[in-house]
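Take a look at the structure set out below.
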Amino acid sequence: MRATEVPLASILPLTAAVNETGHLALGGCDAVALAREFSTPLYVFDEETLRHQCRQFQSEFRSRYPDTAVAYAAKAYLGRALAAVLVQEGMSLDVVSGGELAIAGSVNFPPARIHFHGNNKPEEELRQALDYGVGRIVIDNFHELRLLDWLAWARGLRQKVLLRLSPGIDPHTHAHTTTGILDSKFGIPMPTGQAEAALRQALETPGLELVGLHVHMGSPIFELEPYRQAAKVVLAFAAAMQRQYGFQLQEFSPGGGFAVQYVEGQAPPAIAEYAEAIVSALSEGCREHGLPLPKLIIEPGRAIVARAAVALYTIGSAKEVPGVRRFVSVDGGMADNIRPALYSSQYSALVANKLLDSRRELVTIAGKYCESGDILLRDAELPPLEPGDILAMPAAGAYALAMASNYNASLRPAIVLVKDGQAKLMRRRETYDDLMRCDVWPLE
Ligand SMILES: Cc1ncc(COP(=O)(O)O)c(C=O)c1O
C-alpha cells in the first residue's frame, strides 16, 4: 500500500484520504479531529458523495430513459440539511410517515415531487398529505383505497395515486427486508386476484385518479433478475387491465432496494447495470404488449446515503477470552446502529488514527449496550487497538441513524456534514434534557 492510498476506498466516501498525519480525512477534515471536536459516536456525512450518488442515479437512468424520476427513500435517513440537498439536486422524495413529510415540508420540498408510501397510513397522515398537496399517494390496501377516496372526494379533489402491488417475486435478501413475496404485509397481492379487484375499484372511485403501478421487492437486492421480473409481471398485468377496463399505465415504479458495498469482496451491480436491466425490461415489455412508455419512478434510499457517511467511535475497554476471542468495546453500538443485531448486517472498519499501521490482530468490536447481541463487527482484522483510538465504520449512512434509539437512556449522536475542509453540524448530540423532554414528572 502506498502511503497515500486509503484502505477500503470503494466503501468509504469519495473524498476519503490519508492525510499528512496518517489519519483518515473525510471531505478534507481530519476524522480524529472531528471526533475530538464533536465527540463520539459521531456520524460524518460527505456532501460530495451524497450529491454524486443523486447525480449518478439521475444520469444513468435518464440517459437510457429520459422520463425517469429519482425519488430518494427518506426511510434510509432524513434530516433537514439532507432534504435541502435533495431539493437542490432535483430529486423526488418517497416518505412513509407524517414525520418524514413534516421534515420535507420544513425545507419547502416541492409537494409535486413527494410520494407518500406506507402499509397503514393513518387518516391523520393522509389528511396531512392532502393538505401539503403531495404529488402521489401509493395505495397499499383496500382500507386505504376507500379512506383516501372519501377524504379526497370530500375536498373536491382527485388525488393522483399508484397501487402498490405484491408481485410474488423473491429478491433473495434477508427475510426481514423481503417485501415482494406473497407472504408480506406490503402491497396488494397479484397472484390472488386482489390486485385486479383493487384496480377496478380505484378506477371507479371519484376521489382517486389511478396513474400507475408500483412494486418494491426488498432490500438490498444484489441481483438484476428480480427487477426484470417485476417489469415483466407488472406490464403483463397492465396490458390485461387495459384490455379489460381501459386502464392506462402512465407511471411505473420498481421501487428501490439497490445494493451497496459494506465489506471487501462484495460486488453489488453498478447503478448503470440496474438502470440497463430495468429500462430494457420496461421498454421490451411495453413493445411486446403495445403499451405507451410510462414515466419511470425509482426509489433508491440506501444507495444514495449509505456510502456518504462514516460512523466514528472511540475505543474503550477490552476483554480477552483465551482461546475464544478478544472483545474490544466502543462507545456506541445498537442504539445508533441496530442493523448488525437486527439483520446480522456486516460492516468494515478501520482505525482513523492508525491508517499507516500495518500490524493486524483479530478482534470483535462490541457495542456498549446491555444486550449480548450488541456486536458491531465480528472477527475484524485491525491494528492493535488501545483506549482512545478512533474506529471508523464506513457505509453507515443508511438505516442506522434512521433506526437509532435511546436504549439504555443513551444520547443519540451528533451528525456533521463535511465539505472542502469544513464541518457543519447537521444534528447536535442529544442531552439529558432531551431524554426527559417528553417524560412527565411530577404527575398531575
Ligand atoms: C416502497 C419502498 N421504496 C424504496 C425503498 C428503499 O429501499 P432501499 O433503501 O433499499 O433503496 C423501500 C425500503 O424499504 C421501500 O419500502
Side-chain angles (χ1 to χ4, degrees), residues 50 53-54 56-58 60-61 68-78 82 86 91-97 100-101 113-121 134-141 144 161-167 169 171-181 184-188 212-224 226-227 230 234 251-262 266 268-271 273-275 277-278 296-309 337-339 342-343 345 395-403:
L50 271 179
Q53 291 306 98
C54 295
Q56 279 289 106
F57 268 97
Q58 289 175 336
E60 293 296 355
F61 274 85
T68 303
V70 182
Y72 169 66
K75 69 203 76 178
Y77 166 68
L78 192 66
L82 172 58
L86 298 170
M91 296 282 282
S92 295
L93 189 69
D94 144 13
V95 300
V96 291
S97 69
E100 289 180 356
L101 184 54
R113 297 197 334 231
I114 298 183
H115 300 205
F116 191 27
H117 277 275
N119 69 300
N120 186 23
K121 307 176 187 73
V134 303
R136 303 286 181 273
I137 295 181
V138 184
I139 293 183
D140 205 278
N141 53 67
E144 184 187 339
V161 299
L162 283 85
L163 286 184
R164 175 164 177 177
L165 306 177
S166 167
I169 294 171
H172 305 124
T173 184
H174 192 283
H176 292 178
T177 53
T178 287
T179 58
I181 56 168
S184 162
K185 73 168 183 169
F186 294 106
I188 305 167
L213 300 174
H214 177 284
V215 288
H216 169 77
M217 293 155 291
S219 173
I221 304 176
F222 281 84
E223 300 166 19
L224 299 173
Y227 292 99
V234 172
E251 298 182 4
F252 164 68
S253 178
F258 310 105
V260 301
Q261 188 183 2
Y262 285 99
Q266 233 174 11
I271 299 171
E273 292 176 275
Y274 285 117
I278 292 170
L296 173 62
I297 303 159
I298 52 157
E299 298 170 340
R302 183 191 313 275
I304 299 289
V305 289
R307 187 178 177 186
N337 186 356
I338 200 173
R339 295 186 67 252
L342 192 62
Y343 310 133
S345 302
Y399 301 103
L401 294 165
M403 290 201 250

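As the structure lists them, so they are numbered: ligands from 1, and atoms in each ligand from 1. This one's a predicted model, so the numbers in the text were calculated from it and none came from an experiment.
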Structural part of Glu299 in contact with ligand 1, heavy atom criterion under 4.0 angstrom | both
Interatomic distance, CE@Met91 vs CZ@Arg113, rounded to 0.5 Å, equals 9.5 Å
Does Pro220 have a non-hydrogen atom less than 4.0 Å from ligand 1?
-> no
For ligand 1, the portion of Pro300 having any non-hydrogen atom under 4.0 Å away = backbone
Donor-acceptor contact present, side-chain Lys75 to main-chain Glu100, <3.5 Å = no
Side-chain donor-acceptor pair present, His115, Glu299, cut-off under 3.5 Å = no
Which atoms of ligand 1 are found less than 4.0 Å from any heavy atom of Asp94?
-> 2 (C), 3 (N), 4 (C)
Are side-chain heavy atoms of Tyr343 and Tyr399 found at a separation under 4.5 Å?
-> no
Exam field: side chain Asp94 to backbone Tyr72, donor-acceptor pair closer than 3.5 Å = no
Just which atoms of ligand 1 are under 4.0 Å from any heavy atom in Gly301?
-> 8 (P), 9 (O), 11 (O)
For atom 10 (O) of ligand 1, which candidate among Ala73, Ala71, Ser219 provides the closest heavy atom?
-> Ser219
Counting from 1 in the order shown, the ligand 1 atoms closer than 4.0 Å to a non-hydrogen atom of Tyr399 are 6 (C), 7 (O), 8 (P), 9 (O), 13 (C)
The answer for which part of His117 has a heavy atom under 4.0 Å from ligand 1 is side chain
Report yes or no: does Glu144 contribute a side-chain atom to a donor-acceptor pair with the main-chain N or O of Asn119 at less than 3.5 Å?
-> no
Judged by atom type as modelled, is there a donor-acceptor pair below 3.5 Å linking the side chain of Tyr227 to the main-chain atoms of Ala275?
-> no
Atoms of ligand 1 close to Gly257 [distance to a heavy atom under 4.0 angstrom, numbered from 1] | 7 (O), 8 (P), 10 (O), 11 (O)
